[in-house]
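Chain A is the first sequence line, chain B the second, and so forth, proteins listed ahead of strands; every chain is numbered from 1.
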Amino acid sequence: MTPVSTITANEMVAAPIQTGYWTRSRKVGVGLVAAGVLAAVVFGALATSQTARFTLSEDAQGAALAIDGTVGAILFGLIAAAAGAAMFTDRWFPWLLGVGIVCFVLSFLCWQISDAPAGQNFMPLVNIVRGTFLLAVPLIFGALAGVLCERSGVVNVAIEGQLLMGAFAGALVGTMAGNVWVGLVAAALGGAFISLLLAVFTIRYLVDQVVMGIVLNLLALGLTGFLYERLMQTNQAKYNQPPHFGNWEIPLLKDIPVLGPALFRSNLFLYLALILVLVIHIALFRTRWGLRTRSVGEHPTAADTLGVRVLGLRYRNVLLAGVVAGIGGASYTLLLYSFTKNMIGGKGFIALAALIFGRWSPTGALLAALFFGFADQLGVYLGAINSIIPSQFLAMLPYLATILAVAGLVGRVRAPAADGKPYIKG
Amino acid sequence: MEPGEIHALLGENGAGKSTLMNVLYGLLQPDEGEILVNDKPVQIRSPRDAINVGIGMVHQHFMLVPVFTVAENVMLGAEKVRGGIAGFLDHRRARREVEEVSTRYGLRVDPDAVVEDLPVGIQQRVEIVKALTREVDLLILDEPTAVLTPQETDELLAVMRSLKESGKSIVFITHKLGEVKAIADRITVIRRGRTVGTATPDASRDELAALMVGRSVSLTVTKVAKEPGAPVLQVEGLVVQDERGHQAVAGVDLEVRAGEVLGVAGVQGNGQTELVEAIMGLRPTLAGTVTLDGQRIDGWTTKRVLRAGVGYVPEDRSVDGLVKEFTVAENLVLDIYDQPPFGSRGVLRPDEIAKSAKERIAQFDVRTSSHESAVGTLSGGNQQKVIVAREMSRPLKLFIAAQPTRGVDVGSIEFIHSRIVHERDVNTAVLLVSSELDEVIGLADRIAVMYRGRILAIVPPDTPREEIGLLMAGVVNEQGMSEVGHE
């Protein structure tokens, strides 16, 4: 026999992957350099020489980072550009991207704060952090509902409807019972009700999951709107004056500088959201339930051949998602307000965006929700200092970020393989 | 079934082998009859029941979650957990179990490897390990060799022998006669859902084939030697990407001459699909040229390529070859529906379409109740004949057939093979892509072996199977290395 030589394992793997010079890191790097330079030039030119102060408190007092507006805008712009340039080394991509984006935002803020009316040239970080988290709360609940559903292979477009039904049920039952906890349970059941419809129609009757989700959103909107007008508006005191949860301070943690006052003198919903992220993350990746959930979302036939009950698991997860989203909805009516028509106002869809932006992982969803919450909070802040930037621009950010995420600019976004596909046995 | 026996279940595509085994494994429910395990009747309502009575199955399409590790796949459904009802996964125990089973039966796998990164042969090993950790006594292997190279097949047969020695019984489903004769203790032949006979491995190939098909068949393709003409298709330095952006075709040169069959052999997934799709204009090319009769056709639309005289049988007939809901007649004119006499000025002529359909149904022996039946209701073989009929109805310079007999009954295979040889005899250039090595050897005048996006060698069809098998596994001799190495 002629002497033979096998192509080694390394060659086999290396051969088909030839990405060339323009890796993702380098492409994004170019964009970041451009954005950084642009920020330095434009924001630098627009900023005034007044001092921009980032205070570590709730007002203008206390320790602060202070920098001349023009200097700050140019400096941070250049740091962002430098981070972009460093991406050409093809290393530390997530870190450099983080630094770049933060510095770009700081450059922008230096301009805005220095340009604010006299006496308002400061940004209270405690307020900003607190606002970011509070605005992110419904998004976190909504996105977690998405994670629970979609990891088991059922697309959840009905997050908006689940949140809305939760808010409504929480307000109605909470008022009638005069008890916040009863309201909370009702909210969870309200969300689960929408989920039940989603589960029955998509899993049992194989209706297209996206279509069903949209229909359920409209159903929730119509149903709560009708009952609101007929029931709640005519008799507010009896049906729509829900009791509210107060703020609970957490010992020790509340004394941490900045984070303490911002996060740990807060309400049940924020604590619950953060705990749920942790719990679901661990459950999904470390437990039997999580392994089975993911297997059903990736390859239901394989799971079935190993004795995993695919449909049962999907039912359970979809219902659980409804409970989570329902509680998220209650954060509207059992915390600050009473129920109003369409009070979720599209937050459910931003939660869906956070789910995708966070790549279907609980911690990713948390980060995405915080990012969107920050954009929201920034809009509030800029409004307060009479900025010339319309707040609607910031409201676009979540959607813009999601488009970029789905287009693959921040890494490969891969949904669970069987997401959206009904499972038919045999 | 006896303990420690390898029982081969032989039958054509669609004979009912897989259905029978799916019933045994609880994926389908029987309408009548009973199953006996150790002389006791059992009810198998789900795969879990099957596992409980000691039946395990390795499916034709692997039942592995691609993004999970080997250990996770093996423990799924029978997880090793700790921490009570919380059920935390115990990865260490799972890993140890995989290692234990794999050393005991000589099935080497890395428990921490992610399944989607593993070659098909190893994935199959994972499947077997998965069944063995469930302590099954009876292992069903459904067409296990379809995706393997000849060497991997030999390894599998060795594994089966060692399992047999340790007292496991194996049902080995296949339609490949050679493998059956090599390993089986007993053979049951199934045809159209009935047991038509049992045999021992000393039965001749022709006897088994006749039993399988119900009449005597010629297993070898008869063709006369022929001097090929001028080059028709020339591919030079072709580079094509797959969906994930990997170079599926990494610089292929080949030439198909008039009146010859160039067979492309290779294990599935080595760039054959992308090569053919690039030639057809279904997939963009990154570099290189495709020339048809001296004319560059890369960058052309598929329609233009077809009109230039190319016939094309795609590898996945139900997705790319036919519109399943359309009638046979409509499917027969999908390529030329907009040309007279079938249509003009945007209006179809149903009478002409029906007339031509009836003619071609007769000519190509398509077994259908009517030309107006939906094509999806036909058997695989007849669906394939509809495609062949359509593609051979135009004047052709080049005929490309990708996996033309996959999932097709023996009768139809004979017919399709004879049509391919006929095209060659009337001086058409034929490019045949198949993962069935026997088919390539039987039909081709020259065989190009494709591995990881490259043509490793072009050899004559009388080359020993082992040599081609080694090439399919990427092993090249010293002389060949100078051609493909160092890129």
S.K.: Measuring from atom CD of B/Glu72 to atom CZ of A/Phe285, what distance do you get when rounded to the nearest 0.5 angstrom?
M.R.: 10.0 Å
S.K.: Assess whether side chain to side chain contact (heavy atoms under 4.5 Å, CB included) is satisfied between B/Arg134 and A/Leu306, documenting all intermediate values.
M.R.: CA-CA 10 Å; B/Arg134 285 166 170 73; A/Leu306 295 171; 3.6 Å; yes
S.K.: Which region of B/His61, side chain (C-beta onward) or backbone (N, CA, C, O), has a non-hydrogen atom less than 4.5 Å from a non-hydrogen atom of chain A, or is it both or neither?
M.R.: neither
S.K.: Could you tell me the separation between the CE atom of B/Met63 and the OG atom of A/Ser295, rounded to the nearest 0.5 Å?
M.R.: 12.5 Å
S.K.: Between A/His299, A/Arg294, A/Arg292, who has the most heavy-atom pairs with chain B when the cutoff is under 4.5 Å?
M.R.: A/Arg292
S.K.: Around B/Gln29, counting heavy atoms of other residues, nucleotides and ligands shown, do more than 12 lie under 6.0 Å from its CD?
M.R.: yes
S.K.: Of the backbone (N, CA, C, O) and the side chain (C-beta and beyond), which part of B/Leu64 lies under 4.5 Å from a heavy atom of chain A, both, or neither?
M.R.: backbone
S.K.: Is B/Phe68 close to chain A through its backbone or its side chain, or both, or neither, when contacts mean heavy atoms under 4.5 Å?
M.R.: side chain
S.K.: Going by heavy atoms in the side chains, are B/Phe88 and A/Ile282 under 4.5 Å from each other?
M.R.: yes
S.K.: Could you tell me the separation between the NZ atom of B/Lys80 and the CZ atom of A/Arg288, rounded to the nearest 0.5 Å?
M.R.: 11.0 Å
S.K.: Given heavy-atom pairs under 4.5 angstrom as the criterion, report whether the side chain, backbone, both or neither of A/Arg309 touches chain B.
M.R.: side chain
S.K.: May I ask you to name which of A/Ala283, A/Ala303, A/Ala302 has the most heavy-atom pairs under 4.5 Å with chain B?
M.R.: A/Ala302
S.K.: Does any non-hydrogen side-chain atom of A/Leu291 lie less than 4.5 Å from one of B/Met75?
M.R.: yes
S.K.: Could you tell me which non-hydrogen atom of A/Gly307 sits nearest to which non-hydrogen atom of B/Pro47, and how far apart they are?
M.R.: N-CB, 4.3 Å
S.K.: Could you check whether atom OH of A/Tyr271 has more than 12 heavy atoms from other residues, nucleotides or ligands sitting under 6.0 Å from it?
M.R.: yes
S.K.: Is it the side chain or the backbone of B/Asp90 that comes within 4.5 Å of chain A heavy atoms, both, or neither?
M.R.: neither
S.K.: Taking side chain as everything from C-beta outward and backbone as N, CA, C, O, which of these in B/Lys130 sits under 4.5 Å from a heavy atom of chain A? Side chain, backbone, both or neither.
M.R.: side chain
